[in-house]
Amino acid sequence: MASTTTAPAAPDRAEAATSARTSRKWRLIGAFAALLAALGGIVVAGTSTPKGTEKVNDLGASSTVLSIGLHPGALDYSRIPGLDETTLTARIAAGEQALRDAGFELVSCLVPAEPEAAESVLRGCATAGPFGVVVIGAGIRAGLEHTLLFERIVNAVNEISPGVRFCFNTSPETTIDAIRRWMRPGR
């Protein structure tokens with residue numbers, strides 16, 4: 001008795017388009033990761049570092065954190081189910097208070113979505129430096145519509161504070177974990 005095999009069904013156009021978009025998205029994320037690694041370090045929230053290999057204040061840098069995020073008024077909440085400006089504002093405030101309670105010095109810099117205006121706000125916030133670490137929020141990094149903004153922020157920070165460490169959160173609640181991977185409070 002002869003056996004027959006059937007070729008797997010070809011993916012439909014929608015699946016192919018989704019796969020292509022996903023592939024482009026990951027290539028962009030990889031390019032940003034390479035850029036940030038070249039600028040002095042990259043941390044992605046949710047990753048862990050083996051005990052004893054953490055890089056904490058290894059440059060003898062300031063223990064002040066510059067936290068850069070989109071101003072809650074700059075987001076399109078129709079794309080984020082279950083979140084609104086009031087809720088996000090409260091979550092950011094709670095995350096910032098947790099940092100202060102843990103002993104970190106913090107400069108919060110909430111920027112508009114327009115790149116030129118955002119850079120201007122960032123430069124104003126940067127007068128409070130020097131900084132030991134800069135955290136760039138997911139609102140700036142995650143949306144492809146904010147690619148130019150993210151690029152502008154990274155290049156401005158690199159100019160303002162050469163060699164500073166970068167770290168990334170996934171939400172206001174994960175900011176403290178991202179920062180702790182690179183520095184300890186300066187108490």
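No experiment lies behind these values; they were computed from the predicted model shown.
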*To the nearest 0.5 Å, what is the distance between CG (L75) and CD1 (I80)?*
5.0 Å
*In Å and rounded to the nearest 0.5 Å, what is the CZ to OG distance from R100 to S108?*
7.0 Å
*So, does T89 use its side chain to make a donor-acceptor pair with the main chain of E85 at under 3.5 Å?*
yes
_Does any part of the side chain of L83, heavy atoms only, come nearer than 4.5 Å to the side chain of R91, both counted from C-beta?_
yes
*Hey, does the side chain of R141 reach the backbone of N169 with a donor-acceptor pair shorter than 3.5 angstrom?*
yes
*According to a 4.5 Å side-chain heavy-atom criterion applied to Ile, Leu, Val, Met, Phe, Trp and Tyr, with indirect links allowed, do L148 and V157 form part of one hydrophobic cluster?*
no
*Which atoms form the tightest heavy-atom contact between P112 and V121, and what is the distance?*
CD-CG2, 3.9 Å
*State, to 0.1 Å, how close H146 and G139 come at their nearest heavy-atom pair, and which atoms those are.*
CD2-O, 3.4 Å
*For the atom pair CG (N158) and CD1 (I153), what is the distance rounded to the nearest 0.5 Å?*
13.0 Å
Show me the side-chain donor-acceptor pairs of residues 122-135 shorter than 3.5 Å, one per line, residues at least two apart or across chains.
unit_1: R123; atom_1: NE; unit_2: E119; atom_2: OE2; d: 2.9
unit_1: R123; atom_1: NH1; unit_2: E159; atom_2: OE2; d: 3.4
unit_1: R123; atom_1: NH2; unit_2: E119; atom_2: OE2; d: 3.0
unit_1: R123; atom_1: NH2; unit_2: E159; atom_2: OE1; d: 3.3
unit_1: R123; atom_1: NH2; unit_2: E159; atom_2: OE2; d: 3.2
unit_1: T127; atom_1: OG1; unit_2: G124; atom_2: O; d: 2.8

*asked:* Under the rule for side-chain hydrogen bond (donor to acceptor under 3.5 Å, both in side chains), what residues qualify as partners of E116, not counting sequence neighbours?
replied: none
*Search all heavy atoms of I176 against all heavy atoms of A98 and return the closest pair with its distance.*
CD1-O, 3.8 Å
*CZ/R184 to CD1/I179 distance, rounded to the nearest 0.5 angstrom?*
11.5 Å
*Can a donor-acceptor pair be found between the side chains of T174 and D177 at a distance below 3.5 Å?*
no
Could you give the side-chain donor-acceptor pairs of residues 64-74 under 3.5 Å, partners two or more places apart or in another chain?
unit_1: T64; atom_1: OG1; unit_2: S62; atom_2: OG; d: 3.3
unit_1: T64; atom_1: OG1; unit_2: E105; atom_2: OE1; d: 3.2
unit_1: H71; atom_1: ND1; unit_2: G73; atom_2: N; d: 2.9

*Which heavy atom in F104 sits nearest to a heavy atom in R180, and how many Å separate them?*
CZ-CG, 4.0 Å
